[in-house]
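Written out below as structure tokens is the structure these notes cover.
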Amino acid sequence: MTVFEGTFTQTEGLRFAIIIGRFNDLVTGKLLAGCQDCLKRHGVDIDPNGTQVDYIWVPGSFEIPLVARQMAIANQYDAIICLGAVIRGDTPHFDYVSAEVSKGIAAAGFQTGVPVIFGILTTDTLQQALERAGIKSNLGWNYAMNALEMATLMRQIPKSQPS
């Protein structure tokens, strides 16, 4: 039997798109910094003028799935990292947005075969979001690790042609 497993070291030539929601940018900016730190430490050139990472800013988390799908069907990226923050308020808005964003990001990956990393914080409070974006740990780092592993894994898996 064959074992397929992603790595964190064979990063040369990998291309990433990072889609960041501007809404709650206090949080998403910190997630982006953690993501960039991880990619850089694993040999990825994070310069926006470089050839390995493109950055796409959208109004908020709700807009991320549409752009993720468009970037995936462009067939230029090994993985797409989606960064956003949906923080619960006093209305059901949180439930609608977080559910649709989750479904949309999953669908973008399923429909295109490109790894689309779910880096959307869904928290009850701003404090919880900030803890996950750098006060206690920065999940942006984890999202970048997921992208590295999935990008290198997908390079190993044989591609089949649709019938």
Side-chain angles (χ1 to χ4, degrees), residues 6 8 11 14-89 93-152 154:
F8 305 104
T11 61
L14 290 177
R15 297 240 19 234
F16 299 95
I18 303 176
I19 305 168
I20 314 104
R22 286 189 197 281
F23 198 79
N24 292 317
D25 64 345
L26 175 65
V27 176
T28 60
K30 292 178 185 311
L31 289 173
L32 176 59
C35 185
Q36 289 173 311
D37 184 37
C38 176
L39 292 174
K40 183 177 180 180
R41 290 175 189 256
H42 286 86
V44 175
D45 177 10
I46 61 168
D47 185 343
N49 297 315
T51 61
Q52 285 192 276
V53 181
D54 289 334
Y55 300 89
I56 304 95
W57 289 88
V58 298
S61 293
F62 193 79
E63 292 77 22
I64 290 173
L66 172 65
V67 175
R69 185 177 181 282
Q70 287 302 111
M71 301 308 281
I73 62 176
N75 205 26
Q76 296 179 10
Y77 303 100
D78 295 289
I80 296 166
I81 304 167
C82 302
L83 302 175
V86 184
I87 301 169
R88 187 178 300 278
H93 184 258
F94 168 89
D95 299 311
Y96 299 125
V97 172
S98 57
E100 293 307 314
V101 170
S102 301
K103 289 180 214 170
I105 290 173
F110 290 144
Q111 292 169 2
T112 64
V114 175
V116 181
I117 307 304
F118 184 82
I120 310 297
L121 296 180
T122 54
T123 62
D124 289 325
T125 66
L126 177 60
Q127 179 66 28
Q128 289 174 342
L130 289 170
E131 287 171 359
R132 287 157 181 79
I135 291 176
K136 289 186 176 179
S137 66
N138 191 322
L139 291 178
W141 177 282
N142 299 54
Y143 304 143
M145 291 294 283
N146 293 346
L148 289 167
E149 185 171 1
M150 288 301 296
T152 56
M154 294 302 284

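Counting from 1, the numbers follow the sequence of the chain as shown. Everything numeric here is computed off the predicted structure, so don't read it as measured data.
Atoms CG and CD, from Leu31 and Gln36 in turn, are 11.0 Å apart once rounded to the nearest 0.5 Å. For the atom pair Leu32 CG and Leu83 CG, the distance stands at 6.5 Å (nearest 0.5 Å). Between atom CZ of residue Arg132 and atom CD of residue Gln127 there is a gap of 9.5 Å, rounded to the nearest 0.5 Å. Remark: Gln70 CD to Ile73 CD1 distance equals 4.0 Å, nearest 0.5 Å.
When all heavy atoms are compared, the tightest approach of Asp124 to Gln128 is N-OE1, 2.7 Å. Shown here for Asp45 and Gly50, the closest heavy-atom pair between the two residues is OD2-CA, 3.8 Å. Scanning all heavy atoms of the two residues, the minimum distance from Thr11 to His42 falls at OG1-O, 2.7 Å. In plain terms, the two heavy atoms of Pro65 and Ser61 that are nearest each other are CD-O, 3.4 Å.
By the 4.5 Å heavy-atom criterion applied to side chains, Tyr55 and Ile46 are counted as neighbours.
If you run side-chain contact (heavy atoms from CB on, under 4.5 Å) between Phe16 and each of Asp54, Ile80, Leu148, only Leu148 comes through.
For CZ of Phe8, the number of neighbouring non-hydrogen atoms (other residues, nucleotides, ligands) closer than 6.0 Å is greater than 12.
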Residues 134-147 side chain polar contacts: donor-acceptor under 3.5 Å, at least two apart:
| from | atom 1 | to | atom 2 | distance (Å) |
| --- | --- | --- | --- | --- |
| Asn138 | OD1 | Gly140 | N | 2.7 |
| Asn138 | ND2 | Lys30 | O | 2.8 |
| Asn138 | ND2 | Ala133 | O | 3.4 |

Could you tabulate the donor-acceptor pairs under 3.5 Å formed by side-chain atoms of residues 17-29, not counting sequence neighbours?
| from | atom 1 | to | atom 2 | distance (Å) |
| --- | --- | --- | --- | --- |
| Asn24 | ND2 | Ala85 | O | 2.8 |
| Thr28 | OG1 | Gly21 | O | 2.9 |

Contacts under 3.5 angstrom, residues 103-123 side chains, donor-acceptor by atom type, not counting sequence neighbours:
| from | atom 1 | to | atom 2 | distance (Å) |
| --- | --- | --- | --- | --- |
| Lys103 | NZ | Glu100 | OE2 | 3.3 |
| Gln111 | OE1 | Arg69 | NE | 2.7 |
| Thr112 | OG1 | Ala108 | O | 2.7 |
| Thr112 | OG1 | Val114 | N | 3.2 |
| Thr123 | OG1 | Thr125 | O | 3.0 |

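The backbone N or O of Val44 lies less than 3.5 Å from no partner atom in the side chain of Gln52, so there is not a single donor-acceptor pair.
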